[in-house]
Q: 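Dropping the structure in here first, questions after.
Per chain, numbering begins at 1; letters A, B, ... match sequence-line order.
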Protein chains: 2
Amino acid sequence: MTAAEEAPRSRRRPRGDVRAGLVAAGVELARSGGPDAVVLREATRAVGVVPNAAYRHFADRDELLAEVCSAAMNELAERMAAEIGRVRGKRGNPSAAQRRLGAIGAAYLEFARDEPGLFATAFAVPQQHAYAGRDTGDAPDRTPLGLLRAALDELVEAGVLDPQRRDGIEYPIWSLVHGTAVLTGQGPLRDASGVELRQIEARTLAFIGNSLA
Amino acid sequence: MTAAEEAPRSRRRPRGDVRAGLVAAGVELARSGGPDAVVLREATRAVGVVPNAAYRHFADRDELLAEVCSAAMNELAERMAAEIGRVRGKRGNPSAAQRRLGAIGAAYLEFARDEPGLFATAFAVPQQHAYAGRDTGDAPDRTPLGLLRAALDELVEAGVLDPQRRDGIEYPIWSLVHGTAVLTGQGPLRDASGVELRQIEARTLAFIGNSLA
DNA sequence: GTTGCTTAGTGGACGCTGTCCACATTAGGC
DNA sequence: GCCTAATGTGGACAGCGTCCACTAAGCAAC
């Protein structure tokens, strides 16, 4: 209702603007309605462009969706990293290391609860455009799995986790937290009451701590 | 290509036939393409009826989808029950009880691997038509959660699982197995090799055993 | 046995979607 | 200052879910 109406047909936008706008619009659609709500025409409407313009930037709707999924996954990782950063204590300190792992799980569950649409979207990458975790080499891996691994490594370093049990333990832990998020979010447990949900989440985190000792 | 063409326009079908046919067709669509592949018009085509006929049996597409989801969940439960039944050993026998729990997890993961479309559909119930686990009262609960609970109760009975740790432990266990199925199926871990996947699954089941002792 | 009500299926339409095509405009390198 | 590639437009198409009015089949009561 601003520039779109004042300048009825400004044919050209700044370079890369439309593409970024489409992704941003897609993210908002995903936020409020999950992956199925990411509809190409709606995104172009939000940007103020004709539907076909999207095809100058994406091969098809799936490619746009893949980009949106990637953005959603990034937001999840950002929130996890923020929650980790909030935990005080030197690296290698046993208590701090344990609290950092707890912060990871809590942030994950919180994201799934507060942003169900984005959470579902983050894991709804279309088959053709698999989400490649764009490994930036030496830079610290700011993906959910990368953050989890770092936390587990710190637990070993702090002497909390037996090095012999370290190998591959990220997968059951990730699965446990993810499963809890899915079942209580969109899954069969979604109708549980607030107290029940908190109890289930608490049990999940306790289950992890139990398995490390 | 049989009766549909021979009798071009037999207005009436046996009572309840169309409805059951639509659900069956929906299940097949879900089997090969997940919940999004359950398209109303396609189901009616399979039954040999005009699209609107579906609206005599379902309020809308979501109601049909909910029925298909329920059927998919039943199929999962059936496979779990079958795998449990295959385990020899008297009820209360510690080893048998443990193997029955393992059979549950294995059947769950196997179903997710062999029938990814149905597995995804089973947990994709539309918001309006929540899946109510139609509790038949005294009859044994043949839902996935019911079967898991029974197995855990038997573990307590057999003295393998400390009764104090029994309460609510079904949720982390379910979450763990479900999370593994989702992450390795449609999720970010889907591109892992076969050996990696088997390793992850094995670790998942070991993780459970580890947590019970 | 005719009457009338309920149920199940038909036919046509609407608006929405993703996608394809041909065309117009603009930006930037030569 | 022109040529070419990039970008956006306009119009179209098929497929989707869904609504409406209509019709035919079955069933009950008289």
Side-chain angles (χ1 to χ4, degrees), chain A residues 3-23 25-26 29-30 32-69 121 124 126-129, chain B residues 3-26 28-30 32-69 121 124 126-129:
Chain A
E5 290 179 1
E6 292 168 10
R9 282 287 165 263
S10 70
R11 293 304 217 120
R12 208 82 167 196
R13 306 253 191 322
R15 196 182 173 78
D17 222 14
V18 171
R19 182 187 165 95
L22 287 174
V23 174
L29 291 172
S32 55
D36 287 353
V38 179
V39 24
L40 189 141
R41 288 175 105 110
E42 185 86 15
T44 61
R45 243 171 267 139
V47 178
V49 93
V50 101
N52 288 333
Y55 289 87
R56 299 292 160 186
H57 306 278
F58 305 97
D60 53 16
R61 184 222 171 219
D62 273 5
E63 202 171 297
L64 166 61
L65 179 57
E67 207 75 13
V68 172
C69 292
T121 306
Q127 304 296 341
Q128 287 73 19
H129 312 275
Chain B
E5 291 180 1
E6 292 167 12
R9 283 287 165 262
S10 71
R11 291 307 213 116
R12 210 82 170 198
R13 306 259 194 317
R15 196 181 172 80
D17 221 14
V18 172
R19 182 187 166 96
L22 287 173
V23 174
E28 290 318 302
L29 291 172
S32 55
D36 288 352
V38 179
V39 22
L40 189 140
R41 287 175 107 108
E42 185 87 14
T44 61
R45 243 171 266 137
V47 177
V49 93
V50 100
N52 289 335
Y55 288 87
R56 298 292 157 185
H57 306 279
F58 306 97
D60 53 15
R61 183 221 172 221
D62 272 7
E63 204 171 295
L64 166 62
L65 179 57
E67 208 74 12
V68 172
C69 292
T121 306
Q127 304 295 340
Q128 287 74 20
H129 312 274

Q: Which residue pairs pass the salt bridge (Lys or Arg N to Asp or Glu O under 4.0 Å) test with at least one member in residues 50-61 of chain A, sequence neighbours excluded?
A: none
Q: Output side-chain donor-acceptor pairs under 3.5 Å for residues 42-51 of chain A, partner residues at least two apart or in another chain, one line each.
A:
{"from": "A/E42", "atom 1": "OE1", "to": "A/R45", "atom 2": "NH1", "distance (Å)": "2.8"}
{"from": "A/T44", "atom 1": "OG1", "to": "A/R41", "atom 2": "O", "distance (Å)": "2.6"}

Q: Check A/E63 against A/F58 and note the closest heavy-atom contact, atom names and distance.
A: OE2-CA, 3.9 Å
Q: Kindly give the heavy-atom pair with the smallest separation between B/T121 and B/C69, and that separation in Å.
A: O-SG, 3.1 Å
Q: Rounded to the nearest Å, what distance is computed from the CG atom of residue B/L22 to the P atom of nucleotide C/dG9?
A: 9 Å
Q: Sort me out a list of protein N/O and nucleotides 17-20 of chain D N/O pairs below 3.5 Å, or just none if empty.
A:
{"from": "D/dG17", "atom 1": "OP1", "to": "B/L40", "atom 2": "N", "distance (Å)": "2.7"}
{"from": "D/dG17", "atom 1": "OP2", "to": "B/L40", "atom 2": "N", "distance (Å)": "3.4"}
{"from": "D/dG17", "atom 1": "OP2", "to": "B/R41", "atom 2": "N", "distance (Å)": "3.0"}
{"from": "D/dG17", "atom 1": "N7", "to": "B/R41", "atom 2": "NH1", "distance (Å)": "2.4"}
{"from": "D/dG17", "atom 1": "O6", "to": "B/R41", "atom 2": "NH1", "distance (Å)": "3.1"}
{"from": "D/dT18", "atom 1": "OP2", "to": "B/Y55", "atom 2": "OH", "distance (Å)": "2.9"}
{"from": "D/dT18", "atom 1": "OP2", "to": "B/R61", "atom 2": "N", "distance (Å)": "2.8"}
{"from": "D/dT18", "atom 1": "O5'", "to": "B/Y55", "atom 2": "OH", "distance (Å)": "3.1"}
{"from": "D/dT18", "atom 1": "O4", "to": "B/R41", "atom 2": "NH1", "distance (Å)": "3.4"}
{"from": "D/dC19", "atom 1": "N4", "to": "B/N52", "atom 2": "OD1", "distance (Å)": "2.4"}
{"from": "D/dC19", "atom 1": "N4", "to": "B/N52", "atom 2": "ND2", "distance (Å)": "2.6"}

Q: Taking all non-hydrogen atoms of both residues into account, name the closest pair between B/A30 and B/V68 and its distance.
A: CB-CG1, 4.0 Å
Q: So, is B/H57 near the phosphate of C/dG9, with a side-chain N or O under 4.0 Å from OP1 or OP2?
A: yes
Q: Send over the distance from A/D17 CG to D/dA6 C1', rounded to a whole Å.
A: 15 Å
